[in-house]
Q: 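One structure is given below, represented as structure tokens, and several questions about it will come after.
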Amino acid sequence: MDPLSQVLGLLKPQAIGWRVIEAYGAWTINFRPANIVAFGQMIEGSCHVEREDGIRFDLDTGDFVLMTAPPNWTMETLGGGEPVDFKALVDDPRLLVPSANSSVVTRL
């Protein structure tokens with residue numbers, strides 16, 4: 001068993017939501033606080049993460065993020081775009097796909 005699977009097993013998650021998000025150009029995703037473990041990997045591209053508690057960091061291709069019970073936080077790239085709520089994005093992944101193609105693609 002790999003180390004990540006071991007850590008997740010120890011946390012005893014009730015449910016895991018996993019989705020590949022593909023975004024083009026400048027975008028911003030808002031995450032609301034919840035008593036959860038938030039995790040993900042930057043598959044392609046990069047973004048900036050900013051938490052309500054002042055913690056800020058960048059993610060690049062191959063980076064992994066794991067946060068337990070995070071406060072409000074955002075992910076954005078290229079200076080951001082119109083904010084999209086993460087739950088709305090899970091329901092409709094096309095929210096970050098513009099009508100015109102952009103040469104900047106982010107996958108997480």
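Keep in mind the model is a prediction, meaning the values are calculated, not measured.
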Q: Can you list everything that forms a side chain to side chain donor-acceptor pair (under 3.5 Å) with D92? Sequence neighbours excluded, please.
A: R94
Q: Begin from the C-alpha positions of L59 and V65 and carry the test side chain to side chain contact (heavy atoms under 4.5 Å, CB included) through to its verdict.
A: CA-CA 8 Å; L59 295 172; V65 64; 4.2 Å; yes
Q: Quick one: does T77's side chain have a donor or acceptor within less than 3.5 Å of a partner on W27's backbone?
A: no
Q: Is there side-chain contact between V49 and T74, with heavy atoms separated by less than 4.5 Å?
A: no
Q: Considering non-hydrogen atoms only, spot the tightest contact between L95 and A88 and give its length.
A: CD1-O, 3.5 Å
Q: Assess whether a salt bridge exists between R51 and D53, defined as any Lys/Arg side-chain N lying under 4.0 Å from an Asp/Glu carboxylate O.
A: yes
Q: Which pair of heavy atoms, one from G79 and one from E76, lies closest together, and at what distance?
A: C-OE2, 3.9 Å
Q: Which atoms form the tightest heavy-atom contact between M67 and P70, and what is the distance?
A: O-CD, 3.9 Å
Q: Would I29 and L89 count as a side chain to side chain contact (heavy atoms under 4.5 Å, CB included) here? Give the steps.
A: CA-CA 8 Å; I29 303 172; L89 182 59; 3.6 Å; yes
Q: How long is the span from the CG atom in N30 to the CG atom in D85, to the nearest 0.5 Å?
A: 6.5 Å
Q: In the structure I gave you, are the side-chain heavy atoms of I21 and L96 within less than 4.5 Å of one another anywhere?
A: yes
Q: Mind checking who shares a hydrophobic cluster with V104, ILVMFWY linked at side-chain heavy-atom distances under 4.5 Å?
A: L78
Q: Can you list every ring-ring contact (aromatic ring centres under 6.0 Å, His included) pair that touches residues 48-86, not counting sequence neighbours?
A: F31-W73, F31-F86
Q: Hey, does the side chain of T61 reach the backbone of G45 with a donor-acceptor pair shorter than 3.5 angstrom?
A: yes
Q: Considering all heavy atoms of both residues, which atom of G80 and which atom of A26 are nearest to each other, and what is their separation?
A: O-CB, 3.3 Å
Q: With the side chain counted from C-beta on, respond yes when E44 and L108 share a heavy-atom pair under 4.5 Å apart, and no when they do not.
A: no
Q: Could you see if V90 belongs to whatever hydrophobic cluster contains M42? Use Ile, Leu, Val, Met, Phe, Trp, Tyr and a side-chain cutoff under 4.5 Å.
A: yes
Q: Verify, without hydrogens or angle tests, whether D63 (side chain) and D60 (backbone) share a donor-acceptor contact under 3.5 angstrom.
A: yes
Q: Can you name the closest pair of heavy atoms from N72 and R32 and give their distance?
A: OD1-CA, 3.4 Å
Q: Nearest 0.5 Å, what's the CE-CD distance between M75 and E50?
A: 13.0 Å
Q: May I ask you to test the T106-E22 pair for a side-chain heavy-atom distance under 4.5 Å?
A: no
